[in-house]
**Q** 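My questions will all concern the structure given below.
No experiment lies behind these values; they were computed from the predicted model shown. Ligands are counted one by one from 1 in listed order, and the atoms in each one are counted from 1 as well.
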Amino acid sequence: MTAETLAHLMKQSNRTVVLTGAGMSTESGIPDFRSSTGLWRNINPRIVASTESLQKNYEQFREFYQTRMNSLNNCKPHEGHLILADFEKRGLVSLIATQNVDQLHQQAGSKNVAELHGNIVTIRCQKCGKPHAKEQFLNNSICTYCSGKLRPNVVLFGETLPSEAWDRTLHEIHQADLVIVIGTSLEVYPVNQLPSMSKGKLVYINREQTSTSLQYSFDLVLEGSAGKILADVYQELGDFEK
Ligand code: NAD
Ligand code: APR
Ligand code: ZN
C-alpha cells in the first residue's frame, strides 16, 4: 500500500527533491551516525570532525578521516542508489540533496547531486585552499604550496555549508511539489530545516521514526530499509516516465 501511494505521488509530481542521509549508505557497508550501531555511539564528533579538532589535534583528525576514506574503497552503490539515478533519468527526480560524503549517488549515475556536507573524496589545503590528491592526505603529506595542513572537503562541525550546494537545494525545495526524505535522523541543523521549507508533499523513508522526524507532519511515512522500499516503489512505477 505505502510503496504504491509513493509511486502515485511521484507520478503526479512535476518536481521531486530527494533528501538523503547516512541511512541511504548503510546498505553499502558505511555506518550511520546516531542509530544503535552509529559512528557517534563511541566517537565524540567534536573531537575528530570539528574545526577545533583540525586545529588542535590534527593527528587524531587525520586518522579519523584516513580510516573513513580507506573504508570507502570497499563500498559501492547499492540498488537504492541505482534506482534513484534511474528515477532522475526518467524525469521523476530533479535533485538529490545529500548529507552523505561518500559520493555513492554520483557513482550510481545521479547527475544532479548537491553535497550539503561536502565529501571525503577530495582534499584541499586548510591554509591556501589548493586542491591535492587523496594519496597526499593518506600519506601524511603537508601542502605542496605552503606549510598548511591537508583536509578532506567535508563540512566539519562548526563550519558553514557550501553556499552553492545550499542555495541550489533551497531553490529546488521551493519549487518542489514532493520532497522524499530518506535515511536521515533530521537531527542536524540546518539540513533538518529543509523539509519544512517546502510547500509540497513530504514523505519519510527511514528504518525508524526519530525524535525529530516525529515533529514533522509527513504526508506518508514508510518505515523500513531504504533499498527495499525503493525497490518496491520501482516495481510499482513499472516503465512510467515523465
Ligand atoms: P551547527 O549547529 O554549528 O550548525 C550547522 C552549521 O550550518 C553552522 O556551522 C552554521 O554556520 C551553518 N548554517 C546555519 N544556517 C545556515 C544557512 N542558512 N546556510 C548555510 N549554512 C548555515 O552544526 P554543527 O553541529 O556544528 O555541524 C556543522 C555542520 O557540519 C553540520 O551540517 C554537520 O552535519 C556537518 N558535519 C559533517 C560531518 C561529516 O563528517 N560530514 C561531521 C560533523 C559535522
Ligand atoms: N534504511 C533506512 N533508514 C536507515 C537505514 C536503512 N538501511 N540505515 C539507517 N537508517 C536510519 C537510521 O535509523 C537513522 O535514523 O537512517 C538514519 C541516519 O541518521 P544519522 O545517523 O543521524 O545520520 P544523518 O541524519 O545523515 O546525520 C546528519 O550529522 O554528523 C553529521 O555530517 C554528519 O551528515 C551527517 C549529519
Ligand atoms: Zn597550502
Side-chain angles (χ1 to χ4, degrees), residues 18-51 53 64-65 68 75 77-81 83-84 96-105 114-120 123-132 136-137 141-162 165 180-195 203-214 216 221-233:
V18 173
L19 171 63
T20 63
M24 185 67 217
S25 293
T26 53
E27 290 164 75
S28 291
I30 303 173
D32 62 18
F33 295 96
R34 295 171 184 83
S35 73
S36 53
T37 51
L39 220 47
W40 300 151
R41 288 281 163 210
N42 42 34
I43 305 174
N44 176 350
R46 304 283 163 182
I47 294 179
V48 290
S50 64
T51 42
S53 59
F64 173 70
Y65 279 106
R68 286 182 73 193
C75 301
H78 63 76
E79 191 188 12
H81 291 107
I83 287 173
L84 288 177
I96 293 184
T98 187
Q99 299 170 91
N100 295 341
V101 296
D102 50 36
Q103 297 204 326
L104 290 183
H105 284 302
E115 293 185 324
L116 295 170
H117 290 168
N119 67 68
I120 56 171
I123 305 294
R124 71 173 188 268
C125 167
Q126 176 65 5
K127 202 166 167 190
C128 69
K130 287 212 174 56
H132 284 69
Q136 290 178 279
F137 179 70
S141 322
I142 60 162
C143 178
T144 35
Y145 306 93
C146 74
S147 58
K149 295 170 180 162
L150 301 185
R151 48 136 326 150
N153 283 317
V154 67
V155 177
L156 298 177
F157 280 98
E159 289 182 322
T160 48
L161 280 61
I180 306 173
V181 181
I182 308 177
T184 173
S185 61
L186 289 169
E187 301 259 327
V188 177
Y189 180 85
V191 172
N192 61 3
Q193 305 299 298
L194 291 170
V203 175
Y204 189 57
I205 298 175
N206 208 59
R207 222 178 238 143
E208 76 252 323
Q209 292 265 31
T210 70
S211 52
T212 21
S213 73
L214 286 166
Y216 286 90
V221 174
L222 296 91
E223 281 194 44
S225 131
K228 167 84 178 62
I229 291 169
L230 285 167
D232 293 345
V233 175

**Q** Under 4.0 Å from a heavy atom of Asp32: which atoms of ligand 2 are those, numbered in the order shown and with their elements?
**A** 9 (C), 12 (C), 21 (O)
**Q** Regarding ligand 2, does Val188 bring an N or O atom to under 3.5 Å of one of the ligand's N or O atoms?
**A** no
**Q** Would you call Gly183 a ligand 2 contact, heavy-atom distance under 4.0 Å?
**A** yes
**Q** Below the 3.5 angstrom mark, is there an N/O of His117, backbone or side chain, next to an N/O of ligand 2?
**A** yes
**Q** At under 4.0 Å between heavy atoms, is it the side chain or the backbone of Thr26 that contacts ligand 2, or both, or neither?
**A** side chain
**Q** Short N/O distance, under 3.5 Å, between Ala22 and ligand 2?
**A** yes
**Q** In this structure, does ligand 2 have an atom that sits under 4.0 Å from one of the heavy atoms of Gly224?
**A** yes
**Q** In sequence, state the C-alpha distance, the side-chain angles, and the governing distance for Val48 and Trp40, and then conclude on side-chain contact (heavy atoms from CB on, under 4.5 Å).
**A** CA-CA 10 Å; Val48 290; Trp40 300 151; 4.2 Å; yes
**Q** Considering Leu222, Asn206, Thr212, which one's heavy-atom position lies nearest to atom 15 (O) of ligand 2?
**A** Asn206
**Q** I need the atoms of ligand 2 closer than 4.0 Å to a non-hydrogen atom of Thr184, numbered in the order shown.
**A** 16 (O), 17 (C), 18 (C), 19 (O), 24 (P), 25 (O)
**Q** If the cut-off is 4.0 Å to any non-hydrogen atom of Thr210, which atoms of ligand 2 fall inside it?
**A** 15 (O)
**Q** Taking only residues two or more places apart in sequence or in another chain, which ones pass side chain to side chain contact (heavy atoms under 4.5 Å, CB included) with Glu27?
**A** His78, Ser225, Ala226
**Q** Please name all residues satisfying side chain to side chain donor-acceptor pair (under 3.5 Å) with Lys228, sequence neighbours left out, ordered by chain then number.
**A** Asp232
**Q** Could you list the atoms of ligand 2 found under 4.0 angstrom from a heavy atom of Gly23?
**A** 1 (N), 4 (C), 5 (C), 6 (C), 7 (N), 8 (N), 9 (C), 10 (N), 16 (O), 18 (C)
**Q** So, is Ser225 polar-close to ligand 2, with some N/O to N/O distance under 3.5 Å?
**A** no
**Q** Relative to the Zn ion (ligand 3), how many protein N, O or S atoms have a separation of less than 2.8 Å?
**A** 4
**Q** Is the closest side-chain heavy-atom distance between Leu104 and Pro77 below 4.5 Å?
**A** yes
**Q** Which one of Glu27, Arg34, Gln99 has a non-hydrogen atom at the shortest distance from atom 29 (O) of ligand 2?
**A** Arg34
**Q** Check whether any side-chain heavy atom of Ser213 lies under 4.5 Å from a side-chain heavy atom of Glu208, and answer yes or no.
**A** no
**Q** Any idea which part of Val155 is under 4.0 Å from ligand 2, heavy-atom wise: side chain, backbone, both or neither?
**A** neither
**Q** Closer than 4.0 Å to some heavy atom of Glu208 - which atoms of ligand 2 meet that?
**A** 12 (C), 13 (O), 14 (C), 15 (O)
**Q** Purely on distance, is any nitrogen or oxygen of Asn100 under 3.5 Å from one on ligand 2?
**A** no
**Q** For Phe157, take its heavy atoms, then give the atoms of ligand 2 lying under 4.0 Å from any of them.
**A** 30 (O), 31 (C)
**Q** Is there a side-chain contact between Ile123 and Tyr65 (heavy atoms, below 4.5 Å)?
**A** no
**Q** Among all residues two or more places apart in sequence or in another chain, which pass the side chain to side chain contact (heavy atoms under 4.5 Å, CB included) test with Thr184?
**A** Gln99, Val181, Leu186
**Q** For residues Ile182 and Val18, report the shortest heavy-atom separation together with the two atoms involved.
**A** CD1-CG1, 3.7 Å
**Q** Under a 3.5 Å cutoff, is there a donor and acceptor pairing between the side chains of Ser141 and His132?
**A** no
**Q** Does ligand 2 have any atom sitting under 4.0 Å from a heavy atom of Glu187?
**A** no
**Q** Does the residue Gly38 have a heavy-atom contact with ligand 2, meaning some pair of atoms that are separated by less than 4.0 Å?
**A** no
